[in-house]
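Below are the structure tokens for one structure; questions will follow.
We name chains A, B, ... by the order of the sequence lines, and we start the count at 1 in each one.
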Amino acid sequence: APAFEGGLSQATMYLDKFGYLSPKIRNPTSGHIIDESLFRKAVAEFQSFAGLNTTGELDEETKKVMAMPRCGVRDKVGFGESRAKR
Amino acid sequence: YALQGSRWRIKNLTYRIAKYPSRLNHADVDLELAKAFSVWSDYTDLTFTQKRSGQVHIEIRFETGEHGDGDPFDGPGGTLAHAYFPVYGGDAHFDDAETWTINSKRGTNLFQVAAHEFGHSLGLSHSDVRSALMAPFYRGYDPAFQLDQDDVQGIQALYGRKTQTDIGGGSAPAPAPNTPRPSAEDPALCADPKFDTIFNGADGSTFIFKGENYWRLTEDGVASGYPRLISRAWPGLPGNIDAAFTYKNGKTYFFKGSKYWRYNGQKMDGDYPKDISEGFSGIPDNLDAALVWSGNGKIYFYKGSKFWRFDPTKRPPVKATYPKPISNWEGIPDNIDAALQYTNGYTYFFKGGSYWRFNDRAFSVDTDNPAFPRSTAFWWLGCS
């Protein structure tokens, strides 16, 4: 089964996991995104990084790239996270 | 390429495969992972030695699901592996639920993924150059795999260039007794050590341009056999260039007056010159200097007492808050001749016969002995 089926919440998780969502734009209690424009900005940043058209829309091309097997290291760093080694 | 911000302070590193993949022969894995390390040692002076026990720098494990670091694997597909940057220990973990394969189109190629992960172990972040090994996506088995120029630049920004060339196997032949020394002093250049521009080529070589001539720099000064004519090495390019840089796409841009030229290596990359106002909207003509800062991949242009930051991925590429005063770069003078981020990661500014080394962390000119500014002739051009 494909790891990425393309739903909005899965895209949110993907963008979060790979460093495109700042903790500021997630609701601290639900974890949901609280500002759609910031979600679009995160999608656009991912598209720019992946060499796609930067529309901010979660289009088919973007979902296709999100479904590709990949490295688990974040693309973007700097949101204050610093994973301890163990 | 992008640098995470940490690197190993030593060049002789050790590794251990603490947990092998469940479906591959151990000896084959040893060989593939050694090959994956050699991708990086081919272009630097790094060495990697496998140990079977005891303390090592880089520990390698094939694990499934949650494996103790809070970043669980997700089964076949999705995330294939992850690795830690030097500051976090450099370890590399691979998802053992993947079908790891060797020299096969089926499954996931162990060598390619390992070479990518070891890039992280050495301090490289993900690159936005699609063809780079350090791009985050797995694009399938490539039987003719070669490290991209972007990756070469990245690793050499961290660890410098290989001092003995043995890329492609075998070591370089010993120089014949009458081979010219790799570095030579150029009396005319030493007498007037001011130059027009300095930049790194896509292969990591550093060049200085002055009038119609150019020199390649070595660790000790200028390479022997120089100066050479700019017009012969870069056909179509005029002399008296104002500024130059090589971007992370491996292309070199030259600026003079109101025009710019783009070269792929030493071949003009299309129909040039073009107007600076066309290709670099927001950047003025008659520049003093330009550089690409690897910390953020942005291009900095300098003219008179001002600088501009150019981000090709943004619209507009220059924010309305620019230009800003060069005095923001504490200790750097106005009206500089040239600027460069060298392969050691430091940023250098040149003016007259002097240069300043800028410390990106302190955001000011380094305090050192001898103090900056220092003599360009002595420290860069090998003049006695």
Side-chain angles (χ1 to χ4, degrees), chain A residues 1-7 9-23 31 37-38 40-57 60-86, chain B residues 2-6 59 67-95 98 107-109 112-113 116-117 119-121 124-140 296-297 311-315:
Chain A
F4 186 87
E5 285 155 5
S9 62
Q10 211 176 0
T12 307
M13 282 165 59
Y14 184 99
L15 294 168
D16 188 28
K17 179 173 168 67
F18 296 112
Y20 294 90
L21 289 180
S22 149
S37 70
L38 291 174
R40 291 173 63 91
K41 191 168 168 257
V43 172
E45 270 190 42
F46 171 75
Q47 289 168 328
S48 166
F49 190 83
L52 304 170
N53 287 334
T54 50
T55 59
E57 300 283 344
E60 286 310 311
E61 195 61 31
T62 306
K63 288 180 190 174
K64 212 165 116 185
V65 176
M66 285 181 170
M68 287 173 79
R70 59 161 292 157
C71 171
V73 174
R74 281 169 175 246
D75 300 332
K76 302 266 175 185
V77 290
F79 289 138
E81 87 289 353
S82 57
R83 285 192 301 190
K85 182 174 171 185
R86 291 187 180 87
Chain B
L3 309 181
Q4 177 267 336
S6 66
E59 188 181 88
H67 52 279
D69 63 5
D71 199 359
F73 284 130
D74 54 4
T79 297
L80 305 173
H82 56 228
Y84 292 88
F85 297 116
V87 68
Y88 303 125
D91 292 357
H93 299 163
F94 298 81
D95 188 349
E98 306 296 339
T108 307
N109 184 259
Q112 285 171 219
V113 174
H116 173 103
E117 295 308 325
H120 291 313
S121 302
L124 293 174
S125 285
H126 284 149
S127 169
D128 62 2
V129 174
R130 268 186 191 221
S131 55
L133 173 66
M134 292 314 295
F137 308 105
Y138 177 71
R139 292 176 193 278
N296 58 11
D311 183 347
T313 66
K314 297 274 163 52
R315 290 289 170 271

Original post:
What distance separates A:T54 OG1 from B:K314 NZ, expressed to the nearest 0.5 Å?
Top reply: 10.5 Å
Original post:
To the nearest 0.5 Å, how far apart are CZ in A:R74 and NE2 in B:H82?
Top reply: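 Result: 13.0 Å between the selected atoms.
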Original post:
Does atom NZ of A:K41 have more than 12 heavy-atom neighbours, drawn from other residues, nucleotides or ligands, at distances under 6.0 Å?
Top reply: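 Incorrect, the count does not exceed 12.
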**OP:** Measure across A:V73 and B:H126 and return the closest heavy-atom pair with its distance rounded to 0.1 Å.
**Re:**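 The answer is O-CE1, 2.9 Å.
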Original post:
How close do B:R130 and A:G51 get, heavy atom to heavy atom, and via which atoms?
Top reply: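 In terms of heavy atoms, the two residues are closest at NH2-O, 3.2 Å.
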**OP:** Kindly indicate whether the side chain of A:C71, heavy atoms from C-beta on, has any atom under 4.5 Å from the side chain of B:H120.
**Re:**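 Side-chain contact under 4.5 Å: yes.
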Original post:
Are there more than 12 heavy atoms of other residues, nucleotides or ligands under 6.0 Å from atom CG of A:N53?
Top reply: no
Original post:
Can you tell which of B:V113, B:L80, B:V87 has the highest number of heavy-atom pairs within less than 4.5 Å of chain A?
Top reply: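 If we count pairs closer than 4.5 Å to chain A, B:L80 comes out on top.
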Subject >> Which portion of B:T108 sits near chain A, non-hydrogen atoms under 4.5 angstrom >> reply: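 Neither; nothing under 4.5 Å.
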**OP:** For residues B:T79 and A:F18, report the shortest heavy-atom separation together with the two atoms involved.
**Re:**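 For B:T79 versus A:F18, the nearest heavy atoms are OG1-CZ, 4.1 Å.
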Original post:
Where is the tightest heavy-atom contact between B:F137 and A:V65, given as atom of each residue plus distance?
Top reply: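 Here B:F137 and A:V65 meet closest at CZ-CG1, 3.5 Å.
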Subject >> Shortest non-hydrogen contact between A:S48 and B:T313, atoms and distance >> reply: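 Residues A:S48 and B:T313, closest heavy atoms: OG-CB, 4.1 Å.
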**OP:** Go through the atoms of B:E117 and report whether side chain, backbone, both or neither lie under 4.5 Å from a heavy atom of chain A.
**Re:** side chain
Subject >> CA sep, side-chain torsions, deciding dist, call: B:D71, A:K17, side-chain contact (heavy atoms from CB on, under 4.5 Å) >> reply: CA-CA 10 Å; B:D71 199 359; A:K17 179 173 168 67; 3.3 Å; yes
